[in-house]
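Sequence positions, counted from 1, serve as the residue numbers for this chain.
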Amino acid sequence: MDKFRMIFQFLQSNQESFMNGICGIMALASAQMYVAFDFNCPCLPGYNLAYGMGILFVPPLVLFLLGFVMNNNVSMLAEEWKRPTGKRQKDPAVLRYMFCSMAQRAMIAPAVWISVTLLHGECFICAFSTSVPVDKLGNQSYTQLPEKELRRILARIPCTDIYKGQELIAKEVATRYLRCISQAMGWTFVLLMTLLAFLVRSLRPCFTQAAFLKSKYWSHYIDIERKLFDETCTEHAKSFAKVCIQQFFEGTNKDLSMGHATFVEKTPSETGEEKEKLLGIMDQGTMNKILKNWHKCKPPLCLSQEVIQNGNCWAGEITHPQPPKREYATYYSKV
């Protein structure tokens with residue numbers, strides 16, 4: 001049990017590295033899924049394009065949504081977006097940074113799927129088999145066929161067992177033509193994704209360094225504040241339950257004292273230590289009120305009591321060039 005607790009604490013303290021690892025695993029899984037996928041083109045005019053484009057774009061959409069689902073910061077982002085303003089204002093730049101950070105990780109697996117699909121070429125061949133230029137690659141003596149019959153023959157190019165149009169156009173010529181286009185699009189897509197990642201990772205902080213650092217800092221702060229609040233609530237609930245149970249057994253001990261029942265009593269120091277952890281919150285109604293106030297009216301991000309009494313204090317609103325004061329980079333999450 002201790003080993004699992006240590007692993008869990010390590011994952012919590014290294015959440016960003018953990019999420020990067022999850023995204024990498026999903027990317028490898030998407031590539032393996034495509035290899036194991038049983039690709040069966042319908043080889044029918046009108047259905048080939050729908051099937052091919054569905055295989056190209058639907059699984060990436062599912063992987064993109066899974067990337068958000070597996071990210072623990074999604075609930076944190078939704079909570080920060082929907083919470084009442086209260087004493088703490090919202091900074092849209094922080095919300096945008098959190099969303100963009102999650103979106104960048106979620107796009108890794110879909111990008112790998114699309115790249116592998118285009119480089120392999122089977123999906124593209126199925127989708128665009130009816131678009132092969134017969135007048136350039138095929139037998140021109142068959143170009144007088146009706147359009148409907150011509151599309152029916154070309155739609156069967158991906159299906160070797162039922163294709164019978166070798167006199168019209170050789171299957172190897174058509175598939176090589178379409179696969180070359182698909183691979184060219186695949187490498188172009190990889191190049192564009194690489195350039196986009198380079199621009200996002202390197203050039204964005206150069207133009208808005210101050211805003212970038214501010215958004216990054218406060219997004220980390222919101223994450224850490226939420227974790228510490230959960231830990232504080234867990235510790236308080238544990239102490240509250242322990243004191244309630246101790247009082248219950250103490251009362252039971254007094255009721256059964258006439259029956260010569262013996263119970264091991266807690267020493268006053270141990271009981272006092274548990275009560276100190278309750279922070280003065282000794283009943284259910286008070287605790288419910290405090291939790292409600294935390295959601296509706298989070299405290300301002302200041303330690304100066306004068307600033308707290310005067311109004312809001314959000315570090316994102318600092319505009320003067322002076323060095324940041326101590327109260328603008330502090331933590332306030334005590335219940």
*How close do S129 and L178 get, heavy atom to heavy atom, and via which atoms?*
CA-CD1, 3.8 Å

*Does atom CE of M185 have more than 12 heavy-atom neighbours from other groups under 6.0 Å away?*
no

*Report yes if the side chains of L168 and L154 come closer than 4.5 Å at any heavy-atom pair, otherwise no.*
yes

*side-chain contact (heavy atoms from CB on, under 4.5 Å) evaluation trace for W218 with D91*: CA-CA 9 Å; W218 288 113; D91 193 343; 5.5 Å; no

*Assess whether side-chain hydrogen bond (donor to acceptor under 3.5 Å, both in side chains) is satisfied between R226 and S75, documenting all intermediate values.*
CA-CA 11 Å; R226 184 189 183 192; S75 58; 3.0 Å; yes

*asked:* Are V58 and Y47 connected into the same hydrophobic cluster when the rule is that any two of I, L, V, M, F, W, Y join if their side-chain heavy atoms are below 4.5 Å apart?
replied: no

*Is the closest side-chain heavy-atom distance between I245 and K242 below 4.5 Å?*
no

*Is any side-chain heavy atom of F240 closer than 4.5 Å to a side-chain heavy atom of I281?*
no

*Heavy-atom distance under 4.5 Å between the side chains of M53 and F128, does that happen here?*
yes

*Indicate, with yes or no, if W187 and W113 share a hydrophobic cluster defined by side-chain heavy-atom contacts under 4.5 Å among Ile, Leu, Val, Met, Phe, Trp and Tyr.*
no

*With side chains defined as the heavy atoms from C-beta onward, is the minimum distance between L291 and C233 less than 4.5 Å?*
yes

_Taking side chain to side chain donor-acceptor pair (under 3.5 Å) as the definition, give me every residue that meets it alongside E79, ordered by chain and number, with sequence neighbours left out._
none

_Where at least one partner belongs to residues 146-204, residue pairs that pass disulfide bond (SG atoms under 2.5 Å apart), sequence neighbours excluded_ = C43-C159

*Over 60° means perpendicular and under 30° means parallel, so classify the ring planes of Y97 and H220, tilted if in between.*
perpendicular

*Are any side-chain N or O atoms of K90 and backbone N or O atoms of W81, one a donor and one an acceptor, separated by less than 3.5 Å?*
yes

*Please name all residues satisfying salt bridge (charged side-chain N to carboxylate O under 4.0 Å, His left out) with R152, sequence neighbours left out, ordered by chain then number.*
E149

*Would M107 end up clustered with L119 when hydrophobic side chains under 4.5 Å apart are linked, directly or stepwise?*
no

*For M76, does the CE atom have more than 12 heavy-atom neighbours from other residues, nucleotides or ligands under 6.0 Å away?*
yes

*If only atom types and distance count, is the side chain of S219 paired as donor or acceptor with the main-chain N or O of K216 below 3.5 Å?*
yes

*How many angstroms lie between atom OG1 of T130 and atom CG of L49, to the nearest 0.5 angstrom?*
7.0 Å

*Quick one: closest heavy-atom pair of V190 and T194, and the distance?*
O-OG1, 2.8 Å

_Nearest heavy atoms of K171 and I157, plus distance in Å_ = CE-O, 3.0 Å

_Minimum heavy-atom distance G186-L118, with the two atoms named_ = CA-CB, 3.5 Å

_Within the structure provided, determine whether W294 and I290 are in side-chain contact (heavy-atom separation under 4.5 Å)._
no

*Are the side chains of V74 and V69 in touch, meaning some heavy atoms are under 4.5 Å apart?*
no

_So which atom in G52 and which in C123 form the shortest heavy-atom distance, rounded to 0.1 Å?_
O-SG, 2.7 Å

*Give the cluster check for Y221 versus L213: same hydrophobic cluster or not, with ILVMFWY residues linked at side-chain heavy-atom distances below 4.5 Å.*
no

*Can you measure from CG (L95) to SG (C100) and round to the nearest 0.5 angstrom?*
10.5 Å

*Under 4.5 Å between any side-chain heavy atoms of F99 and F68, yes or no?*
yes

*When you look at K296 and K87, which way does the side-chain contact (heavy atoms from CB on, under 4.5 Å) test go after all the steps?*
CA-CA 9 Å; K296 288 188 174 181; K87 294 182 179 180; over 6 Å; no

